[in-house]
Amino acid sequence: MTEDLIIGIVAFVVVGGGTAGLVPYLRGRRQRQQLSSGGQQRQGGGTGTLEAPRAPEGGATAVGAPEDVAVQYEAEALPEAPPAPGEVIEQPPPSAGRLARLRGRLARSQTAFGGVLLSLLSSGKLDDAAWEEIEDTLITADLGVGPARQLVEQLRTEVKVTGTQDVAEVRGLLRTDLINLIGPDMDRTLHTARHGDRPSVLLIVGVNGTGKTTTCGKLARVLVGDGKTVVLGAADTFRAAAADQLQTWGERVGAQVVRSDRDGADPASVAFEAVNAGIERGVDSVIVDTAGRLHTKTGLMDELGKIKRVIEKHGTVDEVLLVLDATTGQNGLRQGRVFAEVVDVTGIILTKLDGTAKGGIVVSVQRELGVPVKLVGLGEGPDDLAFFDPEVFVDAILEG
Ligand code: GDP
């Protein structure tokens with residue numbers, strides 16, 4: 001308690017607060033989380049310590065929500081601070097047409113897939129052995145045995161019925177079949193629209209190492225590039241580096257980042273405060289990064305369930321986006337299944353498609369989890385995240 005008080009007084013003096021700084025500390029001493037923010041310093045103007053916005057009636061207390069948590073983020077009322085020397089807030093490019101622009105990465109990495117298929121089709125000798133080889137190629141590309149067989153059977157029938165031997169025509173049939181297999185009619189819309197005075201909330205889940213935090217940063221850039229305003233919530237509190245990473249992404253595009261200064265802080269508290277900050281700032285979307293430890297299914301369920309419940313106390317969770325590493329094949333699918341069992345996934349973000357010849361995973365992951373791939377990661381660059389489009393994707397891999 002004494003130590004708590006000393007920390008509190010030091011924080012009070014350092015932050016330069018008056019009562020406004022002390023009150024949240026005292027009120028939050030039972031469940032203290034020093035939540036702070038990065039980014040938007042320039043627009044927001046300075047840093048201050050404010051009392052945490054109150055939870056709505058009935059609050060989040062039922063699930064241990066932090067309505068009396070000390071929050072440190074920039075004060076709305078402070079005058080705009082001049083930009084620091086060399087500090088430039090980037091304006092990322094709009095997302096439209098990005099997959100088409102990045103198709104070269106797919107074409108390059110998918111050579112094994114598209115190239116082999118096309119050379120087989122153009123050999124002019126579509127006998128049993130050739131069809132078998134086509135099926136094997138599709139399976140090797142992680143399409144899944146069932147879908148690969150289905151596609152080959154369909155294509156075989158079409159070739160027989162039309163009696164065509166023309167390579168361009170067979171290629172056209174394959175293109176159509178692949179697009180249909182991926183599902184051109186699946187709803188891949190990303191729900192980012194505000195709800196009256198509340199922002200949309202996008203929860204990003206997935207196993208560590210899949211590119212989850214990077215994807216949160218890239219997604220913020222996509223939204224900012226498309227003219228939206230964003231708050232990022234660093235609810236992966238088990239990895240200090242994740243919050244730092246997110247803060248850097250946020251600062252680059254002027255998106256506020258709500259984070260905890262304490263490792264292992266309650267992720268639900270951070271998520272709650274991120275949504276509050278989003279409401280206060282009137283932004284369009286709040287993107288919440290979560291921890292991806294696959295400790296136990298119950299642990300994961302508790303953690304993600306709690307985050308979701310806390311957010312739903314004062315908002316909606318519009319998207320639960322599962323980040324999967326395209327290079328991990330069956331293992332990735334297994335992990336995905338666990339997440340899909342504990343939380344209602346609304347879309348998949350498939351990362352690292354630039355580094356694999358296994359583009360067929362788009363089909364198998366959708367079949368396995370019953371949700372559409374909405375975005376794909378095609379590199380480590382800041383703007384290498386694109387909305388997924390089956391036609392552009394298939395054209396790119398068949399170009400290989
Ligand atoms: P997390 O642990 O899931 O949050 O993973 P990180 O966001 O820290 O990313 C892990 C690594 O994957 C980093 O080196 C990223 O640059 C890399 N990464 C993320 N997305 C992609 C992608 O689409 N393509 C490639 N090649 N690398 C990626």
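Counting starts at 1 for both ligands and their atoms, in listed order. Computed from a prediction, not measured in an experiment: that's the story for all the values here. We number each residue from 1, following the sequence as shown.
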S.K.: Just by modelled atom types, is the Ile182 backbone N or O under 3.5 Å from a matching donor or acceptor in the Gln366 side chain?
M.R.: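 Yes, because the side chain of Gln366 sits within donor-acceptor range (under 3.5 Å) of the backbone of Ile182.
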
S.K.: Kindly identify the option in Glu380, Arg239, Lys212, Lys352 whose heavy atom sits closest to atom 14 (O) of ligand 1.
M.R.: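 Considering heavy atoms of Glu380, Arg239, Lys212, Lys352, the nearest to atom 14 (O) of ligand 1 sits in Glu380.
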
S.K.: Given the rule in the salt bridge (charged side-chain N to carboxylate O under 4.0 Å, His left out) test, do Arg221 and Asp384 qualify, once you have shown the distances and angles that lead to the verdict?
M.R.: CA-CA 10 Å; Arg221 290 181 69 89; Asp384 291 345; over 6 Å; no

S.K.: Does either side chain, that of Thr351 or that of Asp325, offer a donor lying less than 3.5 Å from an acceptor on the other one?
M.R.: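 Note: Thr351 and Asp325 side chains miss the donor-acceptor criterion.
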
S.K.: For residues 164-205, which residue pairs qualify under ring pair (Phe, Tyr, Trp, His ring centres under 6.0 Å), counting only residues two or more places apart or in two chains?
M.R.: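 Output for this query is empty, none listed.
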
S.K.: In the protein, what heavy atom is nearest to atom 6 (P) of ligand 1, and what distance, to one decimal place, separates them?
M.R.: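 Ranked first by proximity to atom 6 (P) of ligand 1 is Thr214 OG1, 3.2 Å.
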
S.K.: Find all atoms of ligand 1 within a distance of less than 4.0 Å from any non-hydrogen atom belonging to Gly377, and give their numbers and elements.
M.R.: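 Within the 4.0 Å cut-off of Gly377, ligand 1 contributes 23 (O).
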
S.K.: Is the shortest side-chain N to carboxylate O distance from Asp389 to Arg188 below 4.0 Å?
M.R.: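 Between Arg188 and Asp389 there is no salt bridge, as every charged N stays at least 4.0 Å from the carboxylate O atoms.
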
S.K.: Got the closest protein heavy atom to atom 8 (O) of ligand 1, with its distance?
M.R.: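 Atom 8 (O) of ligand 1 sits closest to the protein heavy atom Gln245 NE2, 3.3 Å.
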
S.K.: Which residue owns the protein heavy atom closest to atom 20 (N) of ligand 1, what's the atom, and how far is it?
M.R.: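 Protein heavy atom with the smallest distance to atom 20 (N) of ligand 1: Lys218 NZ, 3.7 Å.
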
S.K.: Determine whether Gln154 and Leu181 make a side-chain contact, defined as any pair of heavy atoms from C-beta on separated by less than 4.5 Å.
M.R.: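 No. Closest side-chain heavy atoms not under 4.5 Å.
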
S.K.: Does Gly209 reach ligand 1, in the sense of a heavy atom lying below 4.0 Å from it?
M.R.: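 Flag set, Gly209 near ligand 1.
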
S.K.: Name the closest protein heavy atom to atom 19 (C) of ligand 1, giving the residue it belongs to and the distance to 0.1 Å.
M.R.: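 Answer for atom 19 (C) of ligand 1: Gly211 CA, 3.7 Å.
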
S.K.: Contact between Leu378 and ligand 1, counting heavy atoms under 4.0 Å?
M.R.: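 Under 4.0 Å: yes for Leu378.
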
S.K.: With no hydrogens and no angle check, just 3.5 Å: does a side-chain donor-acceptor pair link Ser364 and Asp142?
M.R.: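 Side-chain D/A pair, Ser364 to Asp142: absent.
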
S.K.: Considering only heavy atoms of Thr213, which atoms of ligand 1 have at least one such atom less than 4.0 Å away?
M.R.: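 Selected atoms, number and element: 1 (P), 4 (O), 7 (O).
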
S.K.: For residues 230-239, tabulate all N or O donor-acceptor pairs below 3.5 Å that involve a side-chain atom, not counting sequence neighbours.
M.R.:
unit_1: Asp236; atom_1: OD1; unit_2: Phe238; atom_2: N; d: 3.4
unit_1: Thr237; atom_1: OG1; unit_2: Ala265; atom_2: O; d: 2.7
unit_1: Arg239; atom_1: NH2; unit_2: Thr213; atom_2: OG1; d: 3.3

S.K.: Among all the protein's non-hydrogen atoms, which is closest to atom 24 (N) of ligand 1, and how far away is it?
M.R.: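 The protein heavy atom lying closest is Asp354 OD1, 2.9 Å.
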
S.K.: Step through the shown structure and confirm whether more than 12 heavy atoms of other residues, nucleotides or ligands are within 6.0 Å of CD on Gln91.
M.R.: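 Yes, the 6.0 Å shell around CD holds more than 12 heavy atoms from other groups.
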
S.K.: Show the atoms of ligand 1 that are less than 4.0 angstrom away from any heavy atom in Asn208.
M.R.: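 Every atom of ligand 1 under 4.0 Å from some heavy atom of Asn208: 2 (O), 3 (O).
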
S.K.: Of the backbone atoms (N, CA, C, O) and the side-chain heavy atoms from C-beta on, which set of Val207 has a member under 4.0 Å from an atom of ligand 1: side chain, backbone, both, or neither?
M.R.: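 The backbone, only.
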
S.K.: Taking only non-hydrogen atoms of Ala242, do any sit less than 4.0 angstrom from ligand 1?
M.R.: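 Under 4.0 Å: no for Ala242.
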
